[in-house]
Amino acid sequence: MRISILFLLLAPLFIQAQTQSWTIHMGYDAEFMTRPGFHLGADYPILQKEKVKLQTRHYKQSNHQWIIGSGLQWYQHQKHHSGLFIGVLSGYRFERIRQEAKGRKRVFRTDIQFGLGVYRYFLDGTTYSFNNGDISGQSNGGRMVMMPITSWKIGAQFPNKKNIPIHWYIRSSLLLETQHNHQVLPKPFLGIGLSYRLGH
Amino acid sequence: MNIKFQYLILIIIATLSLGCTESTLFSNQAEDIFWLKHKGAEMPIWVEGNTASKQFILVLHGGPAGSGSLGYNLNHEFSVPLEERYALAYWDQRGSGNAKGNPSISTLTLDQFVEDLDLVVDAMKHRYGTDIDIFLLGNSWGGFLGNAFLSHYEKQDKICGWIVVDGQHDFRQGLVYAHQQMLDIAEERISAGVNPHYWNTKKESILSRPVDSPVSEDYAFYNRIAYQIEYQLEREDVLSQEFFLEDGQGFDYYFQSSYNPITSNANANTTNSILWNEIIQTSLSDELHQITLPTLILWGKYDTVTPTSLAYDLFEYISTKENEKKLVILQSAGHQALKHEPRRVVEEVISFISEHGCNI
């Protein structure tokens, strides 16, 4: 299991050499809208198709990217448990750039990603168990299970004169906890965050 | 290592460890949580209220596969006055409420739930001390579970008293009683001239479904009709409603409490149907004589989910001394007695515990 976690974390780095720029994300995330948490992530475009349209006063560029990345998500369900998800994701990103002749640049971006990872939840308080009549207690009880994830982001670049590629985004994601009482337990998240493209 | 990265790691570890801190065990406003992990299930037990009193009420929720918090902890008319005096332990049973884990289907049995309850009691005594008083309060299915648990002599030694609120012990017999009680209520309402069309329709519906040799669908049918009757009686003001959600309380509870409706529904989808098929074929009537504990039986007069006649049977079947058992029929309550007459329920529970504590 440890090897798979290591792989999940490092997977994007294996392909780093093939791409030129990668984007990092971080933000506030809330499970079931109000249970606080955060997410961190990084992704790389492994395939990109650009379409540029030049006009007198501006130009428009549409980018279609296939991306791959990794993500980490944590949240706290008060008086119950906290959960940590680590996984790899892949998906499609659409980016529309509109550059005015006067130098003003607008970037709109949306992406949808699917992935798979491991999820470990940590039960609040002491977890007791019995073995041949003897009771023992442990902190941070819980289990690790596989967890598929899908996420959708929409956002735009902050307007700035230097065209620094910092974006805000709204992110919704759905994680599916497998092996929960013979059901797949959906965990909806809603969050906001910032992303930054390195090496711009 | 980069100093900023070290800070980040420290912040993450500190935040993660927030969930690990143990709250003060004994206080008059305790908010404690611990878990029982057993045979694939991880079951939370929230202990709230006056743990310093060393008198604990372990709530056995309804369902099967209901929730220990929803309907009990949320019901402030019930929980607040009791938590001022005692510690209330809200336990989410195996595969129920907000319990976690992936227990084998083969463990979703009455015997396993009884074993779990035994271990929850042991864990409470381990955590809070062997000198605490534990009372069981079982509602609906929780009544069935408590009756099954207490029908073992040796388990009664761990418990100070048994409080049953609209609790089951015999689904087959209960169905026969429900059939008759529903007809009686319909007749009563028709005679009173209140919504005769509604009650005549219900009467015809009940008469069309005999209970001579019931199958699983018949139990589901009568369960559904029973709740429909209860809601109609609420609308006709036959049942009082002392418990209402305060403004914003429902939102807070769903989104900002330990309760999670998605988890609860997922659990119910699995556990309810499996356990239901077993318990409708199980009668505890012949085992109730083994109960000798002080017992308080609280029942809604208009309860057709667990019909009122079951209360009289239970009162008669248990072997508790006459001066240690009490039956209270709540005149303005149905199956949801904690919603209809929580104040009377609380009053009776306080009176019962004051007379029957283990250390009295």
- prompt: With no hydrogens and no angle check, is any side-chain donor or acceptor of His180(A) less than 3.5 Å from a backbone partner on Lys100(B)?
  reply: no
- prompt: How many angstroms lie between atom CD1 of Ile262(B) and atom CZ of Phe32(A), to the nearest 0.5 angstrom?
  reply: 4.5 Å
message: With chain B as the partner, which of His81(A), Lys79(A), Glu177(A), Lys187(A) has the greatest number of non-hydrogen pairs under 4.5 Å?
response: Lys79(A)
field: Donor-acceptor contact below 3.5 Å, side chain Thr270(B) vs main chain Asn181(A)
entry: yes
- prompt: Quick one: NE2 on His182(A) to CG on Asn267(B), what's the gap to the nearest 0.5 Å?
  reply: 10.5 Å
- prompt: Would the number of heavy atoms belonging to other residues, nucleotides or ligands and lying under 6.0 Å from CZ of Arg96(A) be above 12?
  reply: no
task: Answer yes or no: does atom CD of Gln48(A) have more than 12 heavy-atom neighbours from other residues, nucleotides or ligands under 6.0 Å?
output: yes
- request: Taking the six-membered ring for Trp and the full ring for Phe, Tyr or His, determine whether the centres of Trp35(B) and His80(A) are under 6.0 Å apart.
  value: yes
task: Measure across Ala123(B) and Ile135(A) and return the closest heavy-atom pair with its distance rounded to 0.1 Å.
output: CA-CD1, 3.8 Å
message: Looking at every heavy atom in both Phe130(A) and Leu36(B), which two are closest together, and how far apart are they?
response: CE1-CD1, 3.7 Å
- prompt: Please walk me through it: do Thr127(A) and Phe34(B) pass side chain to side chain contact (heavy atoms under 4.5 Å, CB included)?
  reply: CA-CA 6 Å; Thr127(A) 301; Phe34(B) 65 94; over 6 Å; no
Part of Ile105(B) lying under 4.5 Å from any heavy atom of chain A: both
message: Which heavy atom of Ala266(B) sits nearest to which heavy atom of Leu185(A), and what is that distance?
response: CB-CD1, 3.7 Å
statement: When every non-hydrogen atom of Gly101(B) is compared with those of Tyr121(A), the smallest separation belongs to N-OH, 3.7 Å
query: Among Asp122(B), Leu108(B), Asn98(B), who wins on heavy-atom pairs under 4.5 Å with chain A?
result: Asn98(B)
message: Please identify, among Glu31(A), Gln138(A), Gln183(A), the residue contributing the most non-hydrogen atom pairs under 4.5 Å to chain B.
response: Gln183(A)
message: Given Tyr128(A), which partner from the list Lys37(B), His126(B), His38(B) fulfils the side chain to side chain contact (heavy atoms under 4.5 Å, CB included) test?
response: His126(B)
- request: Could you tell me which portion of Ala99(B) (side chain, backbone, both or neither) has an atom closer than 4.5 angstrom to a non-hydrogen atom of chain A?
  value: backbone
query: Closest approach of Asn102(B) and Gln179(A), non-hydrogen atoms and distance?
result: CB-O, 3.1 Å
